[in-house]
Chemist: 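Dumping the structure here so I can ask a few things about it.
Below, chains carry the letters A, B, ... as their sequence lines are ordered, and counting in each starts from 1. Given the structure is predicted, the values throughout are model-derived calculations rather than measurements.
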Amino acid sequence: MTIQIYNTLTRNKEPLEPVHPGRIGIYLCGPTVYKEAHIGHMVGPVIFDCIKRYLTYSGFEVTWIVNITDVDDKLIAQSQERGISMNQVATEMTMDYCANLLALGVDQITHLPKATENMDEIIQFIQDLIEKRFAYAVDGDVFFDVAQDSQYGKLSNRKAEDQQGEGGGAAAKKRSSGDFALWKAAKQNEPSWESPWGPGRPGWHIECSAMSRRILGQTFDIHGGGLDLMFPHHENEIAQSECCHGQPMAKYWVHNGLLRAGEAGKIGGRADRQQGEPQCDEEESAQKMSRSKGAGGLRSQIARFGGDRIRFCLLRTHYRSTIVFSDEGIAEAGTALDKFYTFFERYERITSTSFYLTGTPTDPRRLIRRRAAGDFDPAGDGLLIELKNLRDSYLAKMDDDFNTGAAVSDLFQMLSVLNKFIDDQKLEDSSHDSSAMASFLRGCETLRELSAILGLFLKPPQVVGGGSGDDDRVLDDVMRVMIDLRTAAREKKDFATADQIRDRLGELGIVLEDRKGETGWKRQAES
RNA sequence: GGCGCCGUAGCCAAGUGGCUAAGGCAGCGGAUUGCAAAUCCGCCAUCCCCGGUUCGAAUCCGGGCGGCGCCUCCA
């Protein structure tokens, strides 16, 4: 019943015990907003969105921070390249980032603090470190003195010497190569802030130490980020914060696996490997998203496939493992999710209400029933006993380090159970038993409850294809005509004509479904 | 070179000491259907290789082989 959480710091699962009972603070390293977000940037936010939902569901009051790095070398480079201010670049890309988050259903973030809006806190933090002799200023730069930190490297199991940090001119100023910049003196024409060491800007790591302290305190519960940030970024955050405060920065360090762009075919060997054919092509190998061409296509991908589908692709795998993100994977997720969408249509025909409104008294964002509230007594009802077992199984998996990949299977099983119940009880006929209907409705609430934890099915999928509402209304009218004509043909046993209509529509991506007494239609999912 | 991860069915993917190894996609057989679609039922893996620990291992240890990440301000 206690939630277990994997802690990178100890390389073990540990029971989640908050610093302050009943409350949990989460800090997730967010993006540097210098260009459009890509799908790889969404992995952390999506999994942490689920984690927050689940913790809230489990009774905790959760504060979740995602920082926005809006001052940085790459931002400066972009602004110079585009001839606009750094602030303008940052504003544009922050909006892009947030738009993508919302499209994927990530709406649980409490604060999105920006580095540039926390300069006082950052400067104060650096001053504290200098006073405590963990940092030193040289010609307008300030460096962290790694040699003073006996604990350095405990997160990633590395030594200070491994940290290269700033090269070039900065290297000469450092006491040792492992030292890293807390403050960088401004060069010509660079945006800068006044400080005790002269005009400059913060180094990469310090904003996280400063902002997490301001909002969450000196020691907070969960610090997250991609696996690639473990070293040097998180290691340096720990060094700064723990040297400054003399207490742990975060209790649990949670790292999500990275995404790779999947390519069909054999994976080629490493370039630096000597043996074997030297001719295998790098083209073939799956590659990490961050530097690949996958960037930029995110918004169109979400528009094309729908946020739930992308989200499902990310949640069907355990968050700590690598996700291979491929076209085939998206297509497969589409087929899998269609089972749910088909069920929701069925639900609507039976109940005349939208599944998306089930158990949602108010704002869909708040659609998190408390765990205790969702519990129920099956009271000997066969359907409810099955669903209760699946619910228990699901919750046990989520309790075990947020195992969304495993939990998903219970959702599919619930779907089968509910579909079977509809078939067996003939709920689609008018003559069904009212107590069966009551069980059904209760069962659907559980499906709603559990899928909401993953942030799935919170709203209907947008109509794929992007027609305006008017177009859709016209299309629906036209489809009525087609269906009427076909129905007439079928009644005359003119199946050749009926099948021709269905086949031709099929070529257009429209699927007809003959049910008792009526024929429905829908568009085939985009793949 | 240093640190770390992974190898489960045609594909994706849970499971990390003990019931018949989840679930999804694809496929096959059946129910249903005028035929389909949707839905339901059934079938479909002994877990990269070798050795060890154990009453018992996909799960622990050792050794191979193979894939991947970080060590470059990339989530």
Side-chain angles (χ1 to χ4, degrees), chain A residues 8 11 28-32 37-45 47-48 66 69 72-74 153 156-159 161-167 180-181 203-205 224-233 236 255-260 262 264 266-270 285-291 312-313 316-318 320-324 326 328-329 331-339 342-343 345-346 393 397 400 403-413 415-416 419-424 428 490 493-496 498-499 502-503 506 511-516 519-522:
Chain A
T8 309
R11 315 265 161 182
L28 177 70
C29 285
T32 301
H38 63 257
I39 181 66
H41 291 125
M42 299 291 127
V43 179
I47 181 63
F48 275 90
V66 177
T69 302
D72 160 277
D73 290 354
K74 284 184 294 195
S156 57
N157 189 24
R158 285 183 220 222
K159 299 183 184 68
E161 302 87 82
D162 294 337
Q163 147 90 346
Q164 289 310 310
E166 294 69 21
F180 54 91
W204 177 27
H205 320 289
L227 211 48
D228 52 345
L229 293 184
M230 198 165 111
F231 186 90
H233 184 53
N236 291 349
H255 291 97
N256 59 268
L258 305 180
L259 203 70
R260 287 190 298 132
K266 184 113 176 84
I267 310 267
R270 289 192 62 127
S285 56
Q287 50 184 278
K288 216 168 80 176
M289 285 300 294
S290 58
R291 287 201 248 272
F312 181 74
C313 282
R316 59 189 314 197
T317 305
H318 187 95
R320 273 189 278 119
S321 51
T322 304
I323 302 172
V324 177
S326 64
E328 299 76 58
E332 202 187 296
T335 314
L337 286 186
D338 276 345
K339 296 177 83 139
T342 303
F343 174 79
E345 287 160 14
R346 225 179 168 193
S393 162
K397 289 164 184 169
D400 183 9
N403 194 343
T404 58
V408 156
S409 78
D410 294 309
L411 255 29
F412 278 97
Q413 289 182 71
L415 202 58
S416 286
N419 267 321
K420 183 175 164 54
F421 190 76
I422 294 175
D423 289 349
D424 289 350
E428 286 181 290
R490 289 175 71 212
K493 306 263 186 233
D494 179 5
F495 296 122
D499 290 351
R502 188 174 60 198
D503 292 346
V511 183
L512 294 186
E513 297 178 5
D514 293 329
R515 293 183 285 267
K516 275 178 193 154
T519 297
W521 72 276
K522 65 179 177 187

Chemist: Under 4.0 Å, heavy atoms only, any strand: does A:Asp499 hit a base, just the sugar-phosphate, or nothing?
Modeler: base

Chemist: Between A:His41 and A:Arg11, which is nearer to the 5' end of RNA chain B once each is assigned its nearest nucleotide?
Modeler: A:Arg11

Chemist: Rounded to the nearest angstrom, tell me the gap between atom NE2 in A:His318 and atom C1' in B:C5.
Modeler: 13 Å

Chemist: Would you state whether a donor and an acceptor, one from the side chain of A:Arg490 and one from the base of B:G34, lie under 3.5 Å apart?
Modeler: yes

Chemist: Does the structure show a Watson-Crick or G-U wobble partner for B:C40, both distances under 3.5 Å? Name it, or say none.
Modeler: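 With both distances under 3.5 Å, B:C40 matches B:G30.
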
Chemist: Rounded off to whole Å, could you give me the CG-to-C1' distance for the A:Leu229 and B:G69 pair?
Modeler: 13 Å

Chemist: For nucleotides B:A38 and B:C28, find the distance between their P atoms and express it as a whole number of Å.
Modeler: 14 Å

Chemist: When you look at A:Thr32 and A:Asp72, which way does the side-chain hydrogen bond (donor to acceptor under 3.5 Å, both in side chains) test go after all the steps?
Modeler: CA-CA 8 Å; A:Thr32 301; A:Asp72 160 277; 4.8 Å; no

Chemist: Has the side chain of A:Arg316 got a donor or acceptor atom sitting under 3.5 Å from an opposite partner on the base of B:A13?
Modeler: no

Chemist: How many Å lie between NZ on A:Lys516 and P on B:U39, as a whole number?
Modeler: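 After rounding, the gap between these two atoms is 16 Å.
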
Chemist: Write down the distance between NE2 (A:His255) and P (B:A75), rounded to a whole number of angstrom.
Modeler: 13 Å

Chemist: Which value, in whole Å, describes the distance between the P atoms of nucleotides B:C70 and B:U20?
Modeler: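 The answer is 42 Å between these two P atoms.
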
Chemist: Under 5.5 Å between ring centres and under 30° between planes: does that hold for A:Phe495 against the base of B:G34?
Modeler: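 Yes.
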
Chemist: Do the side-chain N and O atoms of A:Lys420 and A:Ser416 include a donor-acceptor pair separated by under 3.5 angstrom?
Modeler: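 Note: A:Lys420 and A:Ser416 side chains miss the donor-acceptor criterion.
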
Chemist: Identify the two heavy atoms, one from A:Phe231 and one from A:Ser156, that lie closest to each other, and give their separation to 0.1 Å.
Modeler: CD1-OG, 3.2 Å

Chemist: If the cut-off is 4.0 Å, is A:Ser416 near the phosphate of B:C40, judged by side-chain N/O to OP1 or OP2?
Modeler: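 For B:C40, OP1/OP2 do have a side-chain N/O of A:Ser416 under 4.0 Å.
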
Chemist: Using a distance-only criterion (donor-acceptor N/O pair, under 3.5 Å, no hydrogens), is the base of B:C35 paired with the side chain of A:Asp514?
Modeler: yes

Chemist: Starting at atom CG of A:Asp503, determine the distance to atom P of B:A37, rounded to an integer number of angstrom.
Modeler: 11 Å

Chemist: Taking the inter-plane angle between the rings of A:Trp204 and A:His233 on a 0 to 90° scale, is it parallel (under 30°), tilted (30 to 60°) or perpendicular (over 60°)?
Modeler: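 Parallel: the ring planes of A:Trp204 and A:His233 meet at under 30°.
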
Chemist: Tell whether A:Glu332 reaches the base of B:G24 with its side chain through a donor-acceptor pair below 3.5 angstrom.
Modeler: yes

Chemist: Under 4.0 Å between any heavy atoms, over every strand shown, what does A:Val408 touch: base, sugar-phosphate, or nothing? Just pick one.
Modeler: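 Contact class for A:Val408: none.
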
Chemist: So that I can tick it off, tell me whether A:Arg515 and A:Glu345 are bridged by a salt bridge, with the cut-off set at under 4.0 angstrom between side-chain N and carboxylate O.
Modeler: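 Salt bridge flag = no for A:Arg515 with A:Glu345.
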
Chemist: How do A:Gly405 and A:Asn419 order along RNA chain B: which one's closest nucleotide is nearer the 5' end?
Modeler: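 On the 5' side of the pair lies A:Gly405.
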
Chemist: With heavy atoms under 4.0 Å as the rule, sort A:Lys339 into base, sugar-phosphate or nothing.
Modeler: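 The residue A:Lys339 makes sugar-phosphate contact but no base contact.
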
Chemist: At under 4.0 Å between heavy atoms, what does A:Arg502 touch on the DNA or RNA strands: base, sugar-phosphate, or nothing?
Modeler: base

Chemist: Base, sugar-phosphate alone, or nothing: which one does A:Glu345 contact when heavy atoms must sit under 4.0 Å apart?
Modeler: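 Nothing, no heavy atom under 4.0 Å.
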
